[in-house]
Amino acid sequence: MRILVINSGSSSLKFQVIDSETEEVLAKGLCERIGIDGVFTYKTGNGVSIKEQIPMKTHTEAVHTLLDMLVDKEKGIAKDYSDIDVIGHRLVHGGEKFTGSVVITDQVIDAMTECNDLAPLHNPANIIGVNACRKLMPHTLMVGVFDTAFNQTMEPKAFLYGLPYRYYEKYKIRRYGFHGISHKYVSQRAAEFLGQNPKRVKTIVCHLGNGASISAVKYGQVIDNSMGFTPLEGLVMGTRCGDVDPGALEFLAKKENLDFSQIMQILNQESGVLGISKNFSSDFRELKDAEIKYNEKAGLAREIFSYKVAKYVGSYAAAMNGVDNIVFTAGIGENDSDIRQEICDYLEFLGITIDEVKNRDQAEAVKISTGSSKVNVLVIKTNEELEIAREAAAVAKQQKISCSDENT
Ligand code: ADP
């Protein structure tokens, strides 16, 4: 099956076409600056590479642009639209309603719209992307793959806050956890790489990108995730604050005469390593260069980041009563060997030792712990698009089976 994977944001839309049998990426690209001017980037496995300005006033125009390119006689990878069997959409927040991937129907869109309040920056943009595809390809099966679904196995003791229970009942205020698509892919890839049965191992996945989260995956199921009701909780991130005492926020609001939306702006956009480094940068590469040369706050920001990751790893090892695999992934996790070393230095008490040479290996999957280490430490490149394509193909196959059952 040819799966078109769509990840739609407010002004950009990423896409990939993946052959679900070979898992080969046939084409991939990005529609940026939708509604502004429009920049289109496109690459295929056959060596086509394009970056050009194409006006894209709406998401529907962006989807039109990418579909036209996919069926282009010279640069395309498909004869016509019917060559695309399924579209898999990355959907950020499925609330408690969605515990797995689903065929997108009108009812699913209604249920997703009800979750908009839970992820106001992401869900409406996702729905716009879905509607644009449905408009242009009304007969193609669409599958929704939720970032919250893999985390839905958390028990109440992990997902409830110490707030009055009525707020959970009334508004579903609880921990949802995010980056589920990546946590699922990476935890399973780690087990596969090590020749383990994922249902028999305890894995901690450190997804360390601009947005960062950690999950505890016990016997194939998430038991905890550091992100919460929103993707603001947990680790110190690029620009997000992570865990903070709510009392400090009231204090700050009073001192600076700020309202809630101003406070949220500070917590989401002006905090994290950017804020700690006195606005120097949210990018770990720049922070590292600056730390060496002149900016001591850049070093402090990296230090706080590593310390926080180590604290979460320690607490998740306790939550699972042990850990077999610790996996680093995403921009920082995959690329910053110094941060990995710093984090692992805190974890010596778990019997972890790192091979310095392997820690600098750039492979898709590599074990960086030594043979004598009591815990396997790995670096695995995440692949959310492939995970979405796998989910979409599985749902499509299931759909075919149930349709043929109904017809017999
Ligand atoms: P997101 O998907 O949340 O935007 P990514 O997973 O793409 O984030 O990670 C982006 C971050 O990864 C960048 O902000 C940068 O700090 C970090 N990063 C990328 N490459 C490197 C590198 N070679 N060394 C250190 N950090 C890196």
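All values below come from the heavy atoms of this structure, side chains included, with hydrogens, waters and symmetry mates left out. Just so you know, residue 1 is the first one in the sequence shown, and it goes up from there. For ligands, and for the atoms within them, numbers begin at 1 and follow the listed sequence.
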Between [Y] and [X], is there a salt bridge with N-O shorter than 4.0 Å?
{"X": "E192", "Y": "R189", "result": "yes"}
{"X": "D106", "Y": "R134", "result": "yes"}
{"X": "E23", "Y": "R390", "result": "yes"}
{"X": "E391", "Y": "K184", "result": "yes"}

G238 near ligand 1 by a heavy-atom separation under 4.0 Å: no
Member of S215, S226, S182 meeting the side chain to side chain donor-acceptor pair (under 3.5 Å) criterion with H207: S182
Using a 4.0 Å cut-off to any heavy atom of [X], which atoms of ligand 1 qualify?
{"X": "I332", "value": "12 (O), 16 (O), 17 (C)"}
{"X": "G211", "value": "3 (O)"}
{"X": "G209", "value": "5 (P), 6 (O), 8 (O), 9 (O)"}

For [atom], grab the closest protein heavy atom and report residue, atom and distance to one decimal in Å.
{"atom": "atom 16 (O) of ligand 1", "value": "F284 N, 2.7 Å"}
{"atom": "atom 4 (O) of ligand 1", "value": "N210 CB, 3.5 Å"}
{"atom": "atom 6 (O) of ligand 1", "value": "G331 N, 2.9 Å"}
{"atom": "atom 24 (N) of ligand 1", "value": "R285 CG, 3.4 Å"}
{"atom": "atom 23 (N) of ligand 1", "value": "N335 CB, 3.3 Å"}

Parallel, tilted or perpendicular: ring planes of Y167 versus Y171, cut at 30 and 60 degrees: parallel
Side-chain donor-acceptor pair present, N325, Q196, cut-off under 3.5 Å: yes
Atom 9 (O) of ligand 1 within contact range, any protein heavy atom under 4.0 Å: yes
Atom 2 (O) of ligand 1 touched by protein (heavy atom, under 4.0 Å): no
NZ or CZ of K157 within 45° of F159 ring axis and under 6.0 Å: no
